[in-house]
Trainee: 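What follows is a structure written as structure tokens; I'll ask about it next.
First listed ligand is number 1; within each ligand, the first listed atom is number 1.
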Amino acid sequence: MEIRLAECAGFCFGVRRAVDTVYEQLEKGKTIYTYGPIVHNEEVVRELAEKGVKVLENKDALKMLPNCKAGEESAAVIIRAHGVPEEIYRILEEKGLECIDATCPFVKRIHRIVSRQSEEGNHIVIVGNPGHPEVEGIVGWCRGPVTVLEEPLEAERFVLPNDRKICIVSQTTFNYNKFHYIVEIFEKKGYNVSVVNTICSATEERQRSARTLATEADVMIVIGGRHSSNTRKLYEICSEECANTYFIQTLDDLRLELPKTVRLVGITAGASTPNKLIEEVQNYVRINF
Ligand code: F3S
């Protein structure tokens with residue numbers, strides 16, 4: 001039996017950078033908070049918590065932190081890879097807290113696009129999950145009307161309330177084909193649309209290589225956080241190609257039964273999954289089957 005890891009799997013550039021930033025700051029011996037979990041992976045967050053990093057769950061928790069007076073050493077608040085609304089930066093400044101911005105540069109680019117486009121009077125459409133922190137962050141950089149949608153049906157039902165131009169962007173982890181399908185719906189409606197494909201190439205690469213592997217594999221294992229949207233998408237894609245697809249957070253979740261006929265076990269992992277976890281799963285399958 002062969003065990004094969006997808007060509008692209010695990011930590012992406014932005015997540016690696018955010019996690020490294022937290023470790024660098026820890027070395028300076030400061031009190032460290034992250035605004036929201038630094039990445040969508042409970043294992044990573046737990047490890048950081050053990051080292052004393054505290055998570056500010058929301059705006060209210062941030063507001064509760066004591067203000068830092070001039071001359072005092074401030075606690076550092078690290079902004080997660082997914083980014084935050086502009087308002088959070090203002091609150092940090094008002095409170096005199098040190099802000100260390102680990103927003104992924106690809107997400108920052110979306111903030112700049114929507115901010116500029118809405119300043120020009122355009123209606124922003126964000127294709128993505130409205131409950132996802134990245135999307136909430138992007139909404140928080142819009143300076144005018146904004147619509148968030150994730151299903152083609154919502155695009156069909158969309159009616160522009162005026163004759164503004166529409167600027168469409170996407171959540172970085174959105175499914176590539178679905179995004180194009182939704183864009184086509186807008187174009188068919190005859191609106192004046194400008195489209196910026198802001199899906200991150202790390203996502204595309206992971207999705208493509210997961211699909212390629214899943215078409216060949218008898219069993220697929222997808223590793224990643226429960227709340228990680230890109231991991232869930234990988235699971236969806238793999239399930240389409242391989243009926244025996246497992247979604248696990250850690251090795252403890254794996255209840256694998258492999259009949260003798262299984263020839264190839266494929267493994268992939270979301271962009272917030274550390275290598276250590278991937279290796280553990282690989283080794284487990286190798287040793288036990
Ligand atoms: Fe950034 Fe892309 Fe990762 S947007 S956080 S490099 S998935």
Trainee: For atom 6 (S) of ligand 1, grab the closest protein heavy atom and report residue, atom and distance to one decimal in Å.
Mentor: Gly14 N, 3.4 Å

Trainee: Between the side chains of Tyr35 and Asn58, does any donor sit under 3.5 Å from an acceptor?
Mentor: no

Trainee: By number and element, which atoms of ligand 1 are closer than 4.0 Å to a non-hydrogen atom of Cys200?
Mentor: 2 (Fe), 4 (S), 6 (S), 7 (S)

Trainee: Any donor-acceptor pair under 3.5 Å linking the side chain of Arg157 with the backbone of Leu153?
Mentor: no

Trainee: Is any N, O or S atom of Cys12 under 2.8 Å away from atom 1 (Fe) of ligand 1?
Mentor: no

Trainee: Hey, is there an N, O or S on Cys104 sitting under 2.8 Å from atom 2 (Fe) of ligand 1?
Mentor: no

Trainee: Quick check: are there more than 12 heavy atoms from other residues, nucleotides or ligands sitting under 6.0 Å from CG of Asp163?
Mentor: no

Trainee: For ligand 1, which atoms sit closer than 4.0 Å to a heavy atom of Thr172?
Mentor: 4 (S)

Trainee: Under 6.0 Å between ring centres: does that hold for Phe158 and His123?
Mentor: yes

Trainee: Side-chain heavy atoms under 4.5 angstrom apart, residues restricted to Ile, Leu, Val, Met, Phe, Trp, Tyr: same cluster for Ile168 and Ile182?
Mentor: yes

